[in-house]
Amino acid sequence: MASVILERSRKKRLEQGHPWVYASEVASVDGDPQPGGLVDVLNHQGRYLGTGYYNPASQIRVRILARNPLAAMDTAFFAGRFASCLRHRQRFLPGADAYRLVYGEADFLPGLIIDRFGEVLVVQLLTLGMDKCRDQIVQALVEVVAPRGIYERSDVSVRELEGLEQRTGVLYGECPRHITVSENGLKVIVDIEEGQKTGYFFDQRENRASIAPLIQGWGGRSGITLQRIAAEDGTVQTLPVNKSGKPVTFPYWDGATVLECFAHTGSFTLHACKYGAKKVTCLDVSAHAIESAKANVELNGFSDRVEFVVDDAFAFLRNQVKGLEERTERATGKTDVKPGTKPAAKTDTAKPMTAGGGRTWDVVILDPPAFAKTKSAVAGACRGYKDINLHGMKLVNEGGYLVTASCSYHMQPQLFLDTIAEAAKDAGKVLRLIEWRAAGKDHPQILGVDEGHYLKFAIFEVRSI
């Protein structure tokens with residue numbers, strides 16, 4: 001087998017579990033490795049460090065597959081790895097019919113993503129080494145998982161960095177476009193052909209469930225209290241009663257009002273309804289996404305509590321804040337005056353409002369797509385995250401909750417928190433961190449491989465200064 005010999009001065013990342021060898025770390029190549037073929041990786045002293053597949057056209061020259069000699073990436077190799085992946089998911093997600101089955105480097109299969117949707121598997125082959133093993137991967141999946149069908153969604157731009165074209169299509173069996181699966185007791189329709197990525201984002205599974213404590217306990221703000229009331233037959237019942245002393249019959253009287261931005265398939269909306277939300281606003285800029293969310297809401301019987309909005313989240317949030325500020329100004333006759341400036345003229349309340357919006361919610365959820373896909377995009381991403389979080393927290397009712405996430409790897413955790421802190425300062429809010437989470441159990445992380453630590457998820461209580 002050909003060998004790649006590493007530079008003496010390189011950082012000792014491989015010895016600490018990192019699976020990538022960059023082109024700049026290669027001192028020389030011994031033999032004639034084939035693009036996508038296996039090579040042994042040796043340090044400058046000739047000591048064996050691992051075996052991986054080689055791509056001379058990629059900046060990541062070798063991706064490590066094994067720390068012991070490996071003869072071939074054949075069906076037996078993949079079957080063994082897939083069986084290990086399956087055992088991990090069955091242990092930590094017992095009874096689940098949908099999850100990420102293979103998570104690339106974290107499952108010791110760099111460049112390979114496989115999501116399970118019931119009896120159908122969706123595969124992404126991101127690298128040359130994995131692309132050349134398409135047939136072996138399919139055969140091993142049939143052997144280990146026995147799916148009804150396998151569909152490929154290798155329609156991602158990262159393949160072009162490996163010298164590969166994007167491609168999609170059926171690899172095995174029958175693959176219906178729409179598949180209904182379950183998550184946390186909810187039914188979700190997944191579009192494996194046109195949905196984002198592989199059709200659904202499993203990494204927020206546990207995070208979506210974590211909003212449950214936020215959704216109940218809001219009836220008191222409307223003056224509703226639980227009281228013991230005697231019936232005509234002499235029995236006593238504990239019932240919700242409003243300020244007028246009348247029993248409240250609406251079953252979700254104690255639920256929160258919730259805004260979900262960047263809704264995609266409406267997954268947070270579904271969970272909010274499941275946990276008893278009074279009313280949910282489900283927003284996405286994509287009409288196709290909102291149609292998907294509507295179908296999922298109807299499937300779970302939540303239509304009477306959800307309103308759908310097709311709009312740009314940035315514009316929607318700003319418009320609501322502008323309307324809120326105008327309403328406050330009209331109600332109080334006061335505007336925020338910066339030091340050294342003259343107060344504005346008193347508002348003429350006889351004139352119609354210039355801004356729409358002005359709504360607020362008990363819980364605001366922000367789960368945007370990645371704003372920083374490269375290191376050079378971080379500055380712009382910070383502005384984007386600050387903008388949506390600043391306006392989002394302004395729309396949270398006093399003592400309510402901001403649920404916010406970032407899936408940009410280059411937006412490091414501390415930078416994300418610092419950006420939110422700056423937004424809170426400018427918004428005049430005090431944030432109390434209630435929960436801090438990462439990706440779910442089907443997205444394991446290898447310690448020392450920072451590239452896998454991409455998802456940040458936080459729940460803040462929002463109060464005014």
Side-chain angles (χ1 to χ4, degrees), residues 11-22 49-50 52-53 60 62-67 78 80-94 96 98-116 122-127 129-130 156 158 183-184 196-198 200-210 267 367-375 378 381 385 403-418 433 435-459:
K11 293 182 180 179
K12 303 300 188 290
R13 295 178 304 105
L14 257 66
E15 290 87 339
Q16 298 168 2
H18 203 289
W20 294 351
V21 175
Y22 289 100
L49 299 177
Y53 58 80
I60 302 176
V62 183
R63 297 174 193 260
I64 299 296
L65 288 165
R67 301 291 171 165
F78 283 108
R81 292 288 168 91
F82 293 157
S84 176
C85 293
L86 187 59
R87 285 193 298 271
H88 174 86
R89 276 69 186 180
Q90 290 174 337
R91 178 184 297 275
F92 291 102
L93 299 169
Y99 44 76
R100 175 144 294 180
L101 175 63
V102 177
Y103 182 39
E105 282 77 356
D107 279 311
F108 312 107
L109 290 167
L112 179 62
I113 300 293
I114 303 176
D115 283 345
R116 182 173 194 168
V122 178
V123 175
Q124 279 190 334
L125 306 170
L126 305 177
T127 58
M130 289 298 173
V156 285
V158 69
E183 178 183 279
N184 298 325
Q196 294 183 34
K197 302 286 185 171
T198 63
Y200 191 69
F201 297 107
F202 287 121
D203 53 1
Q204 295 269 36
R205 178 202 313 270
E206 288 89 340
N207 299 341
R208 288 188 274 262
S210 74
S267 52
D367 183 22
F371 290 163
K373 295 185 177 181
T374 63
K375 193 172 182 179
V378 170
Y385 285 117
V403 179
T404 184
S406 167
C407 60
S408 300
Y409 156 67
H410 295 285
M411 191 76 178
Q412 293 296 297
Q414 191 57 53
L415 180 58
F416 184 54
L417 288 172
D418 290 344
L433 181 60
E435 192 152 8
W436 177 259
R437 306 175 65 91
K441 294 181 178 64
D442 55 352
H443 288 67
Q445 301 174 2
I446 294 178
L447 192 64
V449 184
D450 292 340
E451 291 82 358
H453 298 225
Y454 70 98
L455 182 62
K456 286 81 54 184
F457 177 90
I459 297 175

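Any value given below was found using the heavy atoms of this structure, including those in side chains, with hydrogens, waters and symmetry copies removed.
- Expressed to the nearest 0.5 Å, how far CZ of Phe202 lies from NZ of Lys441 amounts to 15.5 Å.
- Checking side-chain atoms of Arg208 against main-chain N and O of Ser267 turns up no donor-acceptor pair under 3.5 Å.
- Contact annotation: the side chain of Asp450 never approaches that of His18 to less than 4.5 Å [non-hydrogen atoms, C-beta and beyond].
- When every heavy atom of Gly17 is checked against every heavy atom of Val449, the shortest pair comes out as O-CG2, 4.0 Å.
- Between Asn207 atom CG and Asp367 atom CG the span is 8.5 Å, to the nearest 0.5 Å.
- The number of heavy atoms from other shown groups lying within 6.0 Å of NZ (Lys12) is above 12.
- Annotation: the span from Leu93 atom CG to Arg205 atom CZ amounts to 5.0 Å, rounded to 0.5 Å.
- By the 4.5 Å heavy-atom criterion applied to side chains, Phe108 and Ile446 are counted as neighbours.
- Cys407 approaches Pro368 most closely through the heavy-atom pair SG-O, 3.8 Å.
- A cation-pi contact, defined as under 6.0 Å to the ring centre and within 45° of the axis, is absent between Arg13 and Trp20.
- Arg89 and Pro444 make their closest contact through NH2-CD, 3.8 Å (heavy atoms, listed as atom of the first residue, atom of the second, distance).
- Between the side chain of Lys456 and the main chain of Met411, a donor-acceptor pair closer than 3.5 Å is present.
- Checking side-chain atoms of Gln204 against main-chain N and O of Ala439 turns up no donor-acceptor pair under 3.5 Å.
- Contacts of Gln16 classified as side-chain hydrogen bond (donor to acceptor under 3.5 Å, both in side chains), with partners at least two apart in sequence or in another chain: none.
- Using cut-offs of 30° and 60° for the angle between ring planes, the Phe416 and Tyr385 rings count as perpendicular.
- When the side-chain hydrogen bond (donor to acceptor under 3.5 Å, both in side chains) test is applied to Gln445, the partners found at least two apart in sequence or on another chain are His453.
- Between Leu109 and Phe82, some side-chain heavy-atom pair lies under the 4.5 Å cut-off.
- Counting heavy atoms from C-beta on, the side chains of Trp436 and Leu417 come closer than 4.5 Å.
- Atom-to-atom distance recorded for Arg67:CZ and Leu49:CG is 7.5 Å, nearest 0.5 angstrom.
- Rounding to the nearest 0.5 angstrom, the gap separating the CZ atom in Arg100 from the SG atom in Cys85 is 11.5 Å.
- Applying the side chain to side chain donor-acceptor pair (under 3.5 Å) test between Tyr99 and each of Arg116, Gln90, His88 identifies Arg116 as the sole match.
- In plain terms, the two heavy atoms of Tyr409 and Glu451 that are nearest each other are CE1-CA, 3.6 Å.
- Closest heavy-atom contact between Pro110 and Met130: O-CE, 3.2 Å.
- Proximity of Asp115 to Leu101: side-chain heavy atoms (C-beta onward) are nowhere separated by under 4.5 Å.
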| task | Go through the steps to decide whether Thr127 and Tyr53 satisfy the test side-chain hydrogen bond (donor to acceptor under 3.5 Å, both in side chains), and finish with yes or no. | result | CA-CA 10 Å; Thr127 58; Tyr53 58 80; 2.7 Å; yes
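- Counting only heavy atoms from C-beta outward, the side chains of Ser408 and Tyr454 never approach each other to under 4.5 Å.
- Of all heavy-atom pairs between Gly104 and Ile113, the closest is N-CD1, 3.8 Å.
- Put simply, the side chain of Leu112 does not reach to within 4.5 Å of the side chain of Glu105, judged on heavy atoms.
- Side-chain contact between Leu14 and Val21 is present, with at least one heavy-atom pair separated by less than 4.5 Å.
- The CD1 atom of Ile459 sits 4.0 Å away from the OG atom of Ser210 when rounded to the nearest 0.5 Å.
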| request: List the steps and the verdict of side-chain contact (heavy atoms from CB on, under 4.5 Å) for Leu125 and Val123. | output: CA-CA 7 Å; Leu125 306 170; Val123 175; 3.7 Å; yes
